[in-house]
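Everything on this sheet refers to the single structure shown next.
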Amino acid sequence: MSAPTLDRSATGSPDEATLQEQFDATIAADRRIEPRDWMPEGYRKTLVRQVAQHAHSEIIGMQPEGDWLLAAPSLRRKAVLLAKVQDEAGHGLYLYSAAETLGADRADLTDKLIEGRQKYSSIFNYPTPAYADVGVIGWLVDGAAICNQVPLCRSSYGPYARAMIRVCKEESFHQRQGYELLMTMMRGTDEQRAMVQDAVDRWWWPSLMMFGPPDDESPNTAQSMAWGIKRHTNDELRQRFVDMTVPQAQALGVTLPDPDLAWDADSGHWRFGAIDWEEFRRVLAGDGPKNAERIARRRAARDDNAWVVEAATAYARKHERGAA
Amino acid sequence: MSEVTAEGGHGAIPTGPEVPVQPRARAVQRDWPLYEVFVRGKRGLNHVHVGSLHAPDDEMAIDAARDLYTRRNEGVSIWVVRAVDITASSPDEKDPLFAPSGDKVYRHPTFYEIPDGVPHI
Amino acid sequence: MHEETVYDALTNAHGEAGHWAFGTGFDDPLAGVDTTVPDGIDPADLGAYCLMLGDDALVLAQRLTQWITRAPELEEEVAIGNIALDLLGQARLLLARAGSVGVLGRSREQATATIPDEDALAYFRDVDEFRSTALVAAPDADFAQAVVRLVAASTVRLAVFTRLRSSRDPVLAAIAAKGVHELAYHRDHAARWVLRLGDGTEESHRRARSAVEAVWPLLADLFTATDVEERLAAAGVAVDPAAVRDEVRDVLTQVLERATLPVPAWPAGAPPRGRLGEHGPELAELLGILQGLARQHPAATW
């Protein structure tokens with residue numbers, strides 16, 4: 001008979017090698033790692049970075065479309081867009097929560113975003129000059145995001161996987177509203193059809209770039225896949241997106257701006273032209289005016305309202321349960 | 001291209017060794033407390049943990065939970081509880097998935113008590 | 001593959017369409033509703049009254065939407081989004097009701113025939129045809145003004161909608177019945193914020209106090225009935241705004257007192273202005289942004 005445990009914190013810890021073994025076995029069995037489990041420091045750091053930057057992308061991603069909220073051309077479109085942008089705030093929030101289970105802190109992560117020490121997806125540094133951009137963002141950008149995100153519903157880290165399930169359910173509404181807007185515009189005036197084609201021309205290549213560098217230039221992929229944080233390579237997901245999107249473009253009646261796009265019957269895939277990674281690097285460098293504008297808006301939301309956050313904290317202290 | 005990654009939902013995020021992921025040594029005083037949210041999806045079901053949020057106090061936490069976790073009619077009743085008020089089962093080395101890492105469910109930098117009169121640091 | 005199954009399940013979620021905030025295709029907010037005007041009600045008056053209530057909701061939704069991406073915390077972004085969506089929903093129903101009784105004004109001459117009534121009214125009326133009050137049109141200088149205005153506007157609207165549930169116009173009564181639940185939440189959420197700002201820090205108290213001073217004068221013309229409201233109130237269709245004044249004053253006074261804020265003198269009643277189409281430049285500016293794109297493409301469908 002063993003002695004009773006009187007002090008829970010005093011139970012001994014297994015050594016690190018055993019813990020690593022248990023961690024590896026959990027991953028190998030495709031089971032989930034949960035917040036209180038031991039995890040290698042590299043796994044934790046990679047996850048915090050990934051989840052935080054994903055959260056930042058959701059929050060910054062509110063802005064390109066949010067700029068159209070006040071000017072949406074019908075009340076129904078305004079309601080749909082508002083619900084969508086609101087969802088993105090929710091997605092950011094779910095994801096920050098997942099990062100917090102890893103020991104991060106939301107206000108601290110927001111500071112890092114504002115100080116440029118953590119990044120967000122470069123796709124949100126492209127401008128949105130026309131209302132058709134709202135539709136194309138839904139169709140292509142959210143479509144690409146869904147391709148990236150659905151596998152993350154099986155991420156090895158439980159809180160991230162659960163957040164992604166919620167996010168993915170809501171994202172499918174986002175993609176559908178975008179595609180539906182484009183269909184409606186294509187049935188409208190010549191001017192509207194031209195707006196849609198122009199937006200497709202501007203967003204097609206950036207959408208493909210969203211999947212990241214080609215596999216042979218993507219050194220982080222192997223470790224992330226071994227950890228079950230990433231489920232497919234960049235090129236696999238990019239190909240899946242192209243295969244899914246080409247028939248949708250045909251149904252819509254728009255031309256994708258790639259003369260090399262061709263059906264390859266042997267492989268059963270659409271082949272596409274070479275991606276101009278130089279252009280990608282320029283946007284990625286983040287020196288464009290949109291990057292500064294996006295961060296400035298986020299900074300203003302934090303700084304201009306700091307007094308509100310402090311006020312609520314002060315009120316809570318004064319009216320704490322049990323306080324006089 | 002090693003300076004970029006497609007990790008995370010929207011891909012193509014610049015990364016690199018310079019991206020800091022450790023929480024700051026000093027805690028951020030601005031943060032409202034973390035709440036855990038439990039929703040009863042429909043009558044006859046248990047409340048289930050659905051996620052968390054930050055709120056200044058219990059009342060505002062309920063408002064935020066309603067707006068955030070039931071805006072598509074996902075629930076008929078909401079519980080919120082401060083994360084720090086949750087007591088978790090003891091870590092048990094006999095369960096390989098229960099490695100000890102502290103007795104708090106959510107490992108957050110907590111507020112440091114700062115005396116009145118000290119400017120925000 | 002597993003993901004494809006998940007993906008298919010997500011993209012073909014039609015079976016649970018009710019789970020989503022919005023379906024596809026244009027949905028007439030009054031689809032399936034009998035829009036016949038009961039005997040003894042003047043359709044022109046009814047339409048004008050629906051414009052008053054609808055325009056208030058539309059303009060306030062637009063003001064709240066300006067906070068999106070600029071709110072104090074992410075939780076509050078979501079809360080403001082919900083409130084704006086509720087109000088936008090009320091505006092769509094009320095404008096559609098106005099359209100259904102033939103009150104389209106000049107908008108029908110400017111909008112093409114394919115544009116739904118709600119959009120013809122929202123996008124193709126000129127500023128002097130809007131019937132909203134100054135309370136909803138005023139810009140917010142800061143978050144304190146946003147929540148003080150919201151508590152005032154939703155308290156008034158809740159008092160009116162509560163009574164409208166027994167309106168002789170069944171459509172208006174149904175819109176009101178749906179709206180009271182939404183408005184009660186808007187009022188309570190805003191009131192909770194007023195409490196926290198008023199009784200928070202020195203700075204928040206000062207800002208809340210300035211907000212009250214800025215918002216209270218805008219209550220002056222809210223409780224004076226127009227001729228339309230008088231006639232419809234007598235017919236059991238509308239609410240005479242004078243009838244809700246004391247209730248509104250009591251609620252707002254209670255909120256300010258709980259928030260440790262000084263209660264300003266109740267403004268003396270003034271003749272209606274916004275309800276008759278007299279507006280300041282801030283409404284023209286707001287409508288310029290709201291209507292700009294739709295008016296650039298009058299023949300377009302969205």
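Below, all heavy atoms of this structure are taken into account, side chains as well, without hydrogens, waters or symmetry copies. Each chain gets a letter, A, B and so on, in the order its sequence line appears, and its residues count up from 1.
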By a 4.5 Å heavy-atom criterion (distance strictly below it), what part of [X] contacts chain C: side chain, backbone, both, or neither?
X	answer
Met186(A)	neither
Ile59(A)	side chain
Val85(A)	side chain
Leu70(A)	both
Ser74(A)	both
Ala300(A)	neither

Query raised in the report: Quick one: does Gln86(A)'s side chain have a donor or acceptor within less than 3.5 Å of a partner on Leu81(A)'s backbone?
Result: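 No.
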
Query raised in the report: Does Ser172(A) offer a backbone N or O that forms a donor-acceptor pair with the side chain of Gln175(A) under 3.5 Å?
Result: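 Absent.
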
Less than 4.5 Å apart, any side-chain heavy atom of [X] and any of [Y]?
X	Y	value
Leu75(A)	Leu95(C)	yes
Leu290(C)	Leu58(C)	yes
Met62(A)	Lys84(A)	no

Tell me, for [X] versus chain A, whether the close heavy atoms (under 4.5 Å) come from the side chain, the backbone, both or neither.
X	answer
Gln66(C)	both
Ala71(C)	backbone
Leu88(C)	side chain
Ala144(C)	both
Glu202(C)	neither
Phe143(C)	both

Pairs of heavy atoms under 4.5 Å with chain A: top-ranked of [options]:
options	result
Gln62(C), Glu77(C), Arg192(C)	Gln62(C)
Asp142(C), Ile68(C), Leu286(C), Val78(C)	Val78(C)
Ile80(C), Thr301(C), Thr201(C)	Thr301(C)

Requested in this report: Have a look at Asp140(C) and tell me which of Arg63(C), Arg207(C), Arg149(C) forms a salt bridge (Lys or Arg N to Asp or Glu O under 4.0 Å) with it.
Outcome: Arg149(C)

Query raised in the report: side-chain hydrogen bond (donor to acceptor under 3.5 Å, both in side chains) between His91(A) and Glu170(A): does it pass, once the steps are laid out?
Result: CA-CA 9 Å; His91(A) 296 176; Glu170(A) 297 179 355; 2.7 Å; yes

Query raised in the report: Looking at Asp87(A), Leu82(A), Leu181(A), which has the largest count of heavy-atom pairs under 4.5 Å with chain C?
Result: Leu82(A)

**Report entry** Between Glu191(A), Lys78(A), Met185(A), the one whose heavy-atom pairs under 4.5 Å with chain C are most numerous
**Finding:**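 Among Glu191(A), Lys78(A), Met185(A), the one with the most close pairs to chain C is Lys78(A).
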
Query raised in the report: Looking at Tyr120(A), does the NZ or CZ of Arg294(A) lie under 6.0 angstrom from its six-membered ring centre and within 45 degrees of the ring axis?
Result: no

Query raised in the report: If you measure only the distance, is there a donor-acceptor pair under 3.5 Å linking the side chains of Asp133(A) and Trp68(A)?
Result: no

Report task. Kindly check if the number of other-residue, nucleotide or ligand heavy atoms within 6.0 Å of CZ (Arg295(C)) is above 12? Result ->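 Correct, the count exceeds 12.
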
Query raised in the report: Would you call the rings of Trp193(C) and His189(C) parallel, tilted or perpendicular, where under 30° means parallel and over 60° means perpendicular?
Result: perpendicular

